[in-house]
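Remarks on the structure that follows.
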Amino acid sequence: MTVVGPFGLSVRDQVLDTDIRAGLADVEEGLLEATKSDVPFITEAAQHLVRAGGKRFRPLLVLLAAQFGDPHAPGVVPSAVVVELTHLATLYHDDVMDEANVRRGVPSANARWDNSVAVLTGDFLFARASHTLADLGPEAVRIQAEAFERLVTGQILETAGPRDGRDPIEHYLDVIAGKTGSLVAVSTRFGAMMSGAPESVVDTLTQYGERMGVAFQLADDVLDIASDTHESGKTPGTDLREGIPTLPVLHVRDQVARAGAAASPEDRRLVELLDGDLSDDARHAEALRLLRAHPALEQARRDTVRYADAARAALGPLPESAAKQALVALCDAVVYRAG
């Protein structure tokens, strides 16, 4: 048994392990090649987050999905590079919008340089992803365009907030289905499609990716509150400090609103903190402590498990194989991340 990919995914099949390791190495090489420019400064900025590392979750899913066809088909690795470039581009833009100072354990691009450099570097990465994508055919371009529209729509919906009368939790789940689920679904879809897998297999793996993407983000929400060392390289409670209403926070608000006058003094204090300025270290630490002890955090964990279980269930029609076992193991790994 060997270990590859994010979260220490165990791959028990030697042939699959060799394929995935070789594929990830090719993706890494492709990322560095795609982020080169004739202008040295652009290369430095574009490779800033590439060289900082990362889980390479989306390329891993491309490579695993490709195992249901020809995993060595010529479009597999380039499509994995495309989804990771797209993901990296969104990180540059997200850090500007969130005014983040750290990403993957290194200064964010906007902190190292400025917002303009970060935004333009993200645009450069989108351009390079599109260039690679054009060689994969018009169907791949259409799929990526639709996913990118969903991704941007999710970001806009997050910024705008839920409309009057809309359940904030349902709104949030729609947001992350767009922001995260869309590109993860493209990852499994591209892998299966580029490998020449049957259409029914492509559809099955697309459903898996959509659900896995939501579970993955919900696990991140839990980790932002519960972990001492955040896997993304961000300080615990970063989303909390920045006022980003992640799922545990939304569950707190919902549970306290339902309790009404019967809400405990601790719950009322927590909502007061969440409604205020959490840039103050003492207030932030108090809010984090109260959140970690609140039932809302356990509810967010249960939601994570629910989506991971749905992703696992989507794999049912696929034939038994080492690749299927690895995809199931990823469901378990996501749940483990959430505690």
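- Between Arg166 and Asp174, some side-chain heavy-atom pair lies under the 4.5 Å cut-off.
- Taking a 6.0 Å sphere around CD of Glu149, one finds it holds 12 or fewer heavy atoms contributed by other residues, nucleotides or ligands.
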Exercise. Could you please spell out the steps behind the side chain to side chain contact (heavy atoms under 4.5 Å, CB included) verdict for Glu33 and Glu29?
Key: CA-CA 6 Å; Glu33 186 62 33; Glu29 184 179 332; 5.7 Å; no
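- Checking side-chain atoms of Thr180 against main-chain N and O of Ala177 turns up no donor-acceptor pair under 3.5 Å.
- Between the side chain of Asp221 and the backbone N or O of Leu247, at least one donor-acceptor pair lies under 3.5 Å.
- Cluster annotation: Phe216 is not connected to Leu218 through the hydrophobic network of ILVMFWY side chains, with a link wherever side-chain heavy atoms come within less than 4.5 Å.
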Exercise. Apply the test salt bridge (charged side-chain N to carboxylate O under 4.0 Å, His left out) to residues Asp275 and Arg253: give CA-CA distance (whole Å), side-chain angles for both, the deciding distance (0.1 Å), then the verdict.
Key: CA-CA 10 Å; Asp275 287 343; Arg253 295 186 182 280; 2.7 Å; yes
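- With a 4.5 Å cut-off on side-chain heavy atoms, Val252 and Asp267 do not count as touching.
- Leu250 and Leu223 fall into different hydrophobic clusters, where Ile, Leu, Val, Met, Phe, Trp and Tyr side chains are chained together by heavy-atom contacts under 4.5 Å.
- The neighbour count for Glu272 CD, taken as heavy atoms of other residues, nucleotides or ligands under 6.0 Å away, is above 12.
- The minimum heavy-atom distance between Leu288 and Asp224, with the atom names listed, is CD1-O, 4.3 Å.
- For the pair His171 (side chain) and Leu157 (backbone), a donor-acceptor distance under 3.5 Å is present.
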Quiz prompt | Verdict with reasoning, Arg189 to Val202, per side chain to side chain contact (heavy atoms under 4.5 Å, CB included) | solution = CA-CA 6 Å; Arg189 186 173 183 178; Val202 175; 3.8 Å; yes
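- No donor-acceptor distance shorter than 3.5 angstrom exists from the side chain of Arg58 to the backbone of Val83, with no hydrogens or angles considered.
- No hydrogens or angles considered: a donor-acceptor pair under 3.5 Å links the side chains of Gln155 and Glu158.
- Under the 4.5 Å side-chain heavy-atom criterion for Ile, Leu, Val, Met, Phe, Trp and Tyr, Leu183 and Ile176 are members of distinct hydrophobic clusters.
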Practice problem: Check the pair Val184 / His87 against side chain to side chain contact (heavy atoms under 4.5 Å, CB included), numbers first and verdict last. | Solution: CA-CA 10 Å; Val184 176; His87 172 59; over 6 Å; no
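- When all heavy atoms of Pro248 and Leu291 are compared, the pair lying nearest together is O-CD2, 4.3 Å.
- Using a cut-off of 4.0 Å between Lys/Arg side-chain N and Asp/Glu carboxylate O, Glu266 and Arg269 are scored as not salt-bridged.
- Cluster annotation: Val201 and Met193 are assigned to the same hydrophobic cluster (Ile/Leu/Val/Met/Phe/Trp/Tyr, side-chain heavy-atom contacts under 4.5 Å, transitive).
- Checked by atom type and distance alone, the side chain of Tyr208 never pairs as donor or acceptor with a backbone atom of Ala313 at under 3.5 Å.
- Closest non-hydrogen pair, Leu64 versus Ala323, comes out as O-CB, 4.0 Å.
- Atom CG of residue Leu24 and atom CG of residue Asp19 lie 10.5 Å apart, to the nearest 0.5 angstrom.
- One finds no salt bridge joining Arg211 and Asp309 here, because no Lys/Arg side-chain nitrogen approaches an Asp/Glu carboxylate oxygen to under 4.0 Å.
- Using a cutoff of 4.0 Å between basic side-chain nitrogens and carboxylate oxygens, Glu139 and Arg142 are scored as salt-bridged.
- With contacts defined as side-chain heavy-atom distances shorter than 4.5 Å, the pair Tyr172/Pro245 does not qualify.
- Listed for the Arg150 side chain is no donor-acceptor partner under 3.5 Å among the backbone atoms of Lys179.
- Smallest separation of non-hydrogen atoms from Thr206 and Ala185: O-CB, 3.7 Å.
- In this structure, the side chains of Leu136 and Pro78 come closer than 4.5 Å at one or more pairs of heavy atoms.
- Within a 6.0 Å sphere centred on CZ of Arg163, heavy atoms belonging to other residues, nucleotides or ligands number 12 at most.
- Interatomic distance, Leu91 CG to Thr121 OG1, rounded to the nearest 0.5 Å: 12.5 Å.
- Atom-to-atom distance recorded for Leu327:CG and Leu60:CG is 8.5 Å, nearest 0.5 angstrom.
- Contact between Leu330 and Met212 at its shortest, heavy atoms only, is C-CE, 3.7 Å.
- Minimum heavy-atom separation, Gly154 to Val175: O-CG1, 3.5 Å.
- Note: the hydrophobic cluster containing Val141 also contains Val76 (ILVMFWY, side chain heavy atoms under 4.5 Å, direct or indirect links).
- Remark: Ser321 OG to Phe68 CZ distance equals 4.0 Å, nearest 0.5 Å.
- Ring centers of Phe126 and Phe148: under 6.0 Å apart, within the cut-off.
- By the 4.5 Å heavy-atom criterion applied to side chains, Asp220 and Gln217 are counted as neighbours.
- Atom CG in Leu278 sits 8.0 Å away from atom CZ in Arg241 (nearest 0.5 Å).
- Asp303 and Gln299 share a donor-acceptor pair across their side chains, judged by distance under 3.5 Å alone.
- Between the side chains of Gln144 and Thr86, a donor-acceptor pair is found at a separation under 3.5 Å.
- Note: Arg302 CZ to His251 NE2 = 8.0 Å, rounded to the nearest 0.5 Å.
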Exercise. Might you work through the side chain to side chain contact (heavy atoms under 4.5 Å, CB included) test for Leu318 and Leu205, ending with a clear yes or no?
Key: CA-CA 9 Å; Leu318 296 179; Leu205 287 166; 3.8 Å; yes
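- Looking only at distances, a side-chain donor or acceptor of Arg128 sits under 3.5 Å from a matching main-chain atom of Lys36.
- No side-chain heavy atom of Val222 sits under 4.5 Å from any side-chain heavy atom of Thr246.
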